[in-house]
**Q** 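Once you've had a glance at the structure underneath, I'll fire off some questions.
Chain identifiers are assigned alphabetically (A, B, ...) following the order of the sequence lines, protein sequences preceding nucleic acid strands; residue numbering begins at 1 within each chain.
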Amino acid sequence: MRIGTVKENYGADAALFDTRVQRGWLVVLAVALVLLPFVSGQYVSYLACLVLINVASTTGLNILTGFTGLVSLGQAAFMGVGAYIVALLEMKVGTPFILNLLLAGLGAALVGMVVGLPSLRVKGLYLAIATIAASVILHFVFANWTEVTGGVSGLTMPPATLFGMELNQPGEVYWIIMPVTVLLLFGAANLFRTRIGRAFIAIRDRDISAEVLGIDLLRYKLLSFAISSFYAGVAGGLWAYFFRVITPESFPLMMSIFFLAAVIVGGMGSILGGILGAIFMTMVPEVLKMLVGVVTPFWPEAVAVLSPVRIMVFGGLIIFFLIFEPEGLAEIWRKIRRFFHLWPFKT
Amino acid sequence: MHTQEVTQDSLAVGQGTTEGNVLSVEGVSLSFGGVHALRDVSFSVKEGSITSVIGPNGAGKTSLFNSISGFYKPSAGEVRFLGESVNGVPAPERARRGMARTFQNIALFKGMTVLDNIKLGRHAHLKTNALDALFYMGRARREEMELRAEIEERIIDFLEIDHIRKQSVAALSYGLQKRVELARALAMQPKILLLDEPVAGMNREETEDMARFILDVREEWGVTVLMVEHDMGLVMDLSDHVVCLNFGQMITQGLPKEVQAHPDVISAYLGSGDVAALRRQFKEGKGA
């Protein structure tokens, strides 16, 4: 049982990971992330990359929707902007991948700010519809600006190079995706230790009193859109390095809904929630697929019979978690931690 | 408490005021369609004073506050703050210039802790930008640490809320929420504090605590206070100057004693100043 944690200065009190146990686990996690591609096969590395890309994008959407309270269904389209920017830079200019990713983020942020302009006037579902309109427009641009985007057939880009080595396999691209995602996550966590993050939450909770405290609503809503789309743009760039073929159909509206679902299932307004939500939404379908694979030797028709069931189970699980814990997976995690902290006493 | 010796730096009063007035409302009128919420209201708030606005429900007190803090645009007249007209100055900028306000129905941010709510008060005076914030280095870290130390040592200690600093505001009692709102307003380094019904819905003990804090804010922080309040006992005990509104018009203003005795004020509250007529009504069974 833990009675409390003692801090000797304000800096220690504001630290992201405040106990020794937490920092210990963080080191374990870091070691695991570094060792993963060495000990696992290509399939696991593939899944890890996919999860990390989704974590980056979900965290971006969480800043906008979970923390600032602005519902957006444009996240996939912003990822598309980032992906196209990376592909074009890699093909036409050949700049290093770090610069490409940064420019992808900035480009998406710019587009995101334009899309965010209506947010001062419209909120909630109306804003969601406005962002759908924006993503349809972006899709149209991707499909029809043939000279730049390659039209419907899209772009095929060369792999990223690191110290002269081409990163082809998932286990290799992982070395770009993992550090960038970790960096983005620390950035998001830091944001909410400062006035910028507090202003976002204030706008979500009560925008009128935020204004009385001197928070310029339009400016901060646009800033939230910009940061969120920056994350989407970088995630889209990572996506491009991972798949290397970008078409207008790579970033459908369904994908935006996927990210929104990840934010809600994981826990709105919690960095950990975004991470858990993205892992859940990416891994559960894979795990269910594996389960079907396990049954197949004993029951040959399993694939045909269970595939539709798999999708239903996935949907059912999402609903179950939302009813069981509306605050999301992050809240479940907090409850588990509290249980162990207080054991052997009841919570 | 060691608040006595740390009062100097936020005492930036006296700059730019005209004739010692921090705020003056000059002929302000406000109408929504055909409804006149305020009609030609004029009064001024002296530096270092506690001024109260009273009046029956619907008299236009909150409309007046909203006009002062920049939510409503008066259809006529002018609000002057620190000697400058603030007509057309948006609410966030008024906040930055030193106008802090609390709300009748508490406007705290429910999803945040007490400490974060108070920190938000300082928002307009901090300089951290998005890039500093993402890396939490240099300016961001320094500003956060300075702010935290100041809030702990001056505000939290002063308002006696150190036991709840890490709690979520949603879980607090009404009286404590009002106190946190006052703390947040103080974090804004205000020149004037607009309190909209600071003791509404409080019990006697909470009211007495709040009265003490309002007096201390004026004495130790040197902040001018303008408040709307229904609790006549509090208004009469604390105020230097009282303004009475009814149906959007100013009936009278002056010392608490004068206003209390003014026949129009009595009739505004009781419906009629004619005591004999009232008595007749009761006898005929039309009263109550």
**Q** So which of B:A149, B:A187, B:A100 has the biggest tally of heavy-atom pairs under 4.5 Å with chain A?
**A** B:A149
**Q** CD1 of A:I215 to CG of B:L120: how many Å apart, nearest 0.5 Å?
**A** 5.0 Å
**Q** Grab the two heavy atoms, one from A:L191 and one from B:A130, that are nearest each other, plus how far apart they are.
**A** CD1-O, 4.5 Å
**Q** Surrounding CG of A:L29 (heavy atoms of other residues, nucleotides or ligands, distance under 6.0 Å), is the total greater than 12?
**A** yes
**Q** Is B:L115 close to chain A through its backbone or its side chain, or both, or neither, when contacts mean heavy atoms under 4.5 Å?
**A** neither
**Q** Using only distance (under 3.5 Å, no hydrogens or angles), which donor-acceptor pairs connect chain B and chain A?
**A**
| from | atom 1 | to | atom 2 | distance (Å) |
| --- | --- | --- | --- | --- |
| A:D13 | OD1 | B:K166 | NZ | 2.9 |
| A:D13 | OD2 | B:R148 | NH1 | 2.9 |
| A:D13 | OD2 | B:R148 | NH2 | 2.9 |
| A:D13 | OD2 | B:K166 | NZ | 3.0 |
| A:N190 | ND2 | B:L134 | O | 3.1 |
| A:R195 | NE | B:T128 | O | 2.9 |
| A:R195 | NH1 | B:H123 | O | 2.9 |
| A:R195 | NH1 | B:L126 | O | 3.0 |
| A:R195 | NH2 | B:T128 | O | 3.4 |
| A:R198 | NH1 | B:E144 | OE1 | 3.1 |
| A:R198 | NH2 | B:E144 | OE2 | 3.2 |
| A:D205 | OD2 | B:K110 | N | 3.4 |
| A:D205 | OD2 | B:G111 | N | 2.8 |
| A:R206 | NE | B:L108 | O | 3.4 |
| A:R206 | NH2 | B:I106 | O | 3.4 |
| A:S209 | OG | B:A107 | O | 3.2 |
| A:Y220 | OH | B:H123 | NE2 | 3.1 |

**Q** Between B:A124, B:A133, B:G111, who has the most heavy-atom pairs with chain A when the cutoff is under 4.5 Å?
**A** B:A133
**Q** Quick one: which residues of residues 102-110 of chain A reach chain B at under 4.5 angstrom, heavy atoms only?
**A** none
**Q** With sequence neighbours left out, write down each residue that passes side chain to side chain contact (heavy atoms under 4.5 Å, CB included) with B:F135, or none if nothing qualifies.
**A** B:L131, B:M137
**Q** At a heavy-atom separation under 4.5 Å, does B:L194 approach chain A through its side chain, its backbone, both, or neither?
**A** neither
**Q** Using a cut-off of under 4.5 Å on heavy-atom pairs, state which of B:A185, B:A107, B:A95 scores highest against chain A.
**A** B:A107
**Q** For A:L117, what residues pass the side chain to side chain contact (heavy atoms under 4.5 Å, CB included) criterion, not counting sequence neighbours?
**A** A:L222
**Q** Relative to chain A, which segment of B:M112 carries a heavy atom at a distance below 4.5 Å: side chain, backbone, both, or neither?
**A** both
**Q** Out of A:I208, A:L217, A:I227, return the one with the most heavy atom pairs under 4.5 angstrom to chain B.
**A** A:I208
**Q** More than 12 heavy atoms of other residues, nucleotides or ligands under 6.0 Å from CZ of B:F32: is that the case?
**A** yes
